There are 2 protein chains.
Amino acid sequence: MGNTNNHTTSRNCFTCQTRGQTEWCVLSDDELEMVNQGKSCREYLPGETIFHEGDPCGGVHCIEHGLVGIRKMNAGGDEILLRLSHPGDTMGYRSFLGGDAHNNSAEAMEPSVICSIDEATVRKLLSMNPSLGLRFLRHAAEDLNAAEEMALQSATLPVRARFAHLLLVLKDRYGQDGKNGEMTLELPLSRQDMAAMIGIRPESMSRTIRSFEESNVAHFSGRRVHVPNLSGLLDELEIPDGL
Amino acid sequence: MGNTNNHTTSRNCFTCQTRGQTEWCVLSDDELEMVNQGKSCREYLPGETIFHEGDPCGGVHCIEHGLVGIRKMNAGGDEILLRLSHPGDTMGYRSFLGGDAHNNSAEAMEPSVICSIDEATVRKLLSMNPSLGLRFLRHAAEDLNAAEEMALQSATLPVRARFAHLLLVLKDRYGQDGKNGEMTLELPLSRQDMAAMIGIRPESMSRTIRSFEESNVAHFSGRRVHVPNLSGLLDELEIPDGL
DNA sequence: GTCCCTGCTTGATTGCGGTCAAGGTGCTTT
DNA sequence: AAAGCACCTTGACCGCAATCAAGCAGGGAC
């Protein structure tokens, strides 16, 4: 805020704040310079689409700043929000590797700066520096974990439990612990996006929130969530009756 | 059948029939010889567990022969069948890379021969031959695709559509096309395993099957499925009313 | 100001799939 | 042959979440 705006400006990878946390941190200075040359950066406003499901995939996209939602929809038009991607995350590397079209879409959820690195450059880097591939592999492994966990949950747990789980996951990045198990969240998501994350309708999200209010599990005002006692949330995960 | 049985015999990677289709096909002869030394093989009977969720992960497992189901269960004891793994597939590479415990379990669904390759050998190979890592990366990418697809479906589609989709997926490997859109499947799965693949109860699977019979979408006898017309199956995918 | 639009909430109703309970079938064991 | 045991099917019932419909709250355009 209060800063000058850069549109389509060329950013510098060497001074990129997220560099230490990304897969690209394994690159040498020479290699990083290649990225610098081969990339193009752009700003996106909330709601703008970075790539669509089905688009040809001509490279990978690295988030310098902001927040991006990865969405996927089925033939009937129903959409779910698969995950959130943060500064330092690289998107689209998977379709890129398989040579496929994108199989999900990416949309800016906050004002974001995205650097796109073209295909030739990435291929060259992958062959030059094997560590880069291993870094991507580890990243893919984590995503796979999360996706399988999600599949399990939406198949077996009721909505209350799934929502409690979501809040606990979001806590890692957006939560702030208080004393005595208190916790406060400042979410980057609208209600309907939360609904899309656990695969339910906005109406059901609304009812679940009210239900959490009534049982004093969590209190919601706007995008701020207050959890009086973490153990209350944890209890929700184990509802499916005493095994 | 009618063959001699090998228990814990040492198999030879050079003559392994699946070699051409695996990630290991990128290895040189010297490297393959390392695998040969560093591995140990075992037979498993149907129902036997190869590794459990939570087990420490001391290497990777390669399927030489047979069929393996990858399962995952939640705290309440509900279990889903995430995917089937076939000869040539390597299992457990993901937990291996992250240094985590296994986060799902693997169980033989047919008599199977599994070769386990110890940690030190795999790490050495990964650093010697960068292509190996990229192969695993591509494999992970495919699994991720499937997992996200599954998450989307179980969140948005009714049981009939999910089951139809499952049959269509199984068609690729177990189906045989006839004339006029006819199709026959010889499934390797029990009904309850099919139920576990789409995250429903056996009773619901039973009812869905009957419903398919009644509407002449597919006919089931034991593990054999006959589909009189593929388009009937395809129609099921688009139920969620005309958008 | 009014209008419109999007996001959110609430209520009434429905129906899908889970649960519980009771058989049936085929295979192995003894 | 009888018993035991998976696996599967069927019926009756119920509850959760989707659906349909209406209304509210906030924000921007004009």
Side-chain angles (χ1 to χ4, degrees), chain A residues 45-47 69 74 76-81 107 109 152-164 166 187-215 218-225 236 239-243, chain B residues 45-48 69 74 76-81 107 109 152-164 166 187-215 219-225 236 239-243:
Chain A
L45 294 177
N74 68 10
D78 298 308
E79 200 175 53
I80 65 172
L81 183 49
E107 175 196 316
M109 312 202 63
L152 176 62
Q153 300 223 347
S154 66
T156 62
L157 296 184
V159 165
R160 270 181 80 100
R162 304 223 299 278
F163 185 44
L166 175 65
L187 298 178
L189 295 168
S190 67
R191 317 253 147 154
Q192 52 187 3
D193 280 335
M194 287 195 287
M197 285 204 83
I198 57 177
I200 62 173
R201 305 279 149 197
E203 296 96 319
S204 295
M205 172 56 42
S206 198
R207 284 185 239 277
T208 307
I209 285 175
R210 179 153 52 114
S211 152
F212 272 21
E213 295 268 6
E214 283 164 0
S215 51
H219 298 275
F220 301 76
S221 79
R223 294 183 172 191
R224 166 158 299 181
V225 186
E236 296 292 332
I239 301 179
D241 78 289
L243 47 138
Chain B
L45 294 176
E48 271 193 287
N74 70 9
D78 298 309
E79 201 175 51
I80 65 173
L81 183 50
E107 175 196 315
M109 312 203 64
L152 176 64
Q153 301 223 348
S154 67
T156 62
L157 296 184
V159 165
R160 271 182 80 99
R162 304 223 298 276
F163 185 43
L166 175 64
L187 297 178
L189 293 168
S190 68
R191 317 251 147 160
Q192 50 188 2
D193 279 336
M194 286 193 289
M197 284 204 83
I198 57 176
I200 62 173
R201 305 281 149 191
E203 296 96 322
S204 294
M205 174 53 49
S206 198
R207 285 186 239 277
T208 307
I209 284 175
R210 179 154 51 114
S211 151
F212 271 22
E213 294 269 6
E214 283 164 0
S215 51
H219 299 275
F220 301 77
S221 79
R223 293 184 172 192
R224 167 158 301 181
V225 186
E236 296 294 333
I239 301 179
D241 79 292
L243 47 136

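All chains are named by letter (A, B, ...) in the order of the sequence lines, taking the proteins before the strands, and each is independently numbered beginning at 1. The figures that follow rest on heavy atoms only: side chains count, while hydrogens, waters and symmetry mates do not. On a predicted model such as this, the values are computed, not experimentally measured, just so you know.
The shortest side-chain heavy-atom distance between A:R162 and A:S154 falls under the 4.5 Å cut-off. You'll find the side chain of A:D78 reaches within 4.5 Å of the side chain of A:R201, heavy atoms only. Residues A:L189 and A:R223 have side chains not in contact (no heavy-atom distance under 4.5 Å, counting atoms from C-beta outward).
Distance CZ (A:R160) to P (D:dA17): 10 Å, rounded to an integer number of Å. Atom pair B:M205:CE and C:dT19:C1' shows a separation of 17 Å (rounding to whole Å applied). Between A:F220 atom CZ and C:dT9 atom C1' there is a gap of 14 Å when expressed in whole angstrom units. The interatomic distance linking B:L187 (CG) with D:dC7 (C1') rounds to 16 Å, in whole Å. Between B:D78 atom CG and C:dT19 atom C1' there is a gap of 12 Å when expressed in whole angstrom units. Rounded to an integer number of Å, the gap from CZ of B:F163 to P of C:dC16 is 18 Å. Rounded to an integer number of Å, the gap from A:R201 CZ to D:dC16 C1' is 15 Å. Between the C1' atom of D:dA17 and the CD atom of A:Q153 lies a distance of 17 Å, rounded to the nearest Å.
Under 3.5 Å, the side chain of B:R207 and the base of C:dT19 form at least one donor-acceptor pair of N or O atoms.
Checking C:dT19, D:dC8, D:dA18 against the side-chain heavy atoms of A:I200 singles out D:dA18 as nearest. The side chain of A:Q192 approaches C:dC8 more closely than any other nucleotide in the set C:dC8, D:dT9, C:dG17. For A:P158, taking side-chain heavy atoms from C-beta onward, the closest of the listed nucleotides D:dA17, D:dA18, C:dC8 is D:dA17.
Across the interface with DNA chain C, nearest-nucleotide mapping of A:A155 and A:E203 shows A:E203 to be the residue nearer the 5′ end.
Considering only side-chain N and O atoms, B:R210 lies under 4.0 angstrom from the phosphate OP1 or OP2 of D:dT10. Contact annotation: A:S204 side-chain N/O to D:dA17 OP1/OP2 distance is not under 4.0 Å. For D:dT9, one of the phosphate oxygens OP1 or OP2 lies less than 4.0 angstrom from a side-chain nitrogen or oxygen of B:R191. Regarding contacts with the backbone of D:dC7, every side-chain N or O of B:S190 stays at 4.0 angstrom or more from both OP1 and OP2.
Residue contacts shown for A:I209 are absent, as no nucleic acid heavy atom lies under 4.0 Å away.
Taking the six-membered ring for Trp and thresholds of 30 and 60 degrees, B:F163 and B:F220 have nearly parallel ring planes, at less than 30 degrees apart.
Residue A:I80 comes nearest to B:A155 through the heavy atom pair CG2-CB, 4.1 Å, listed as atom of the first residue, atom of the second, then distance.
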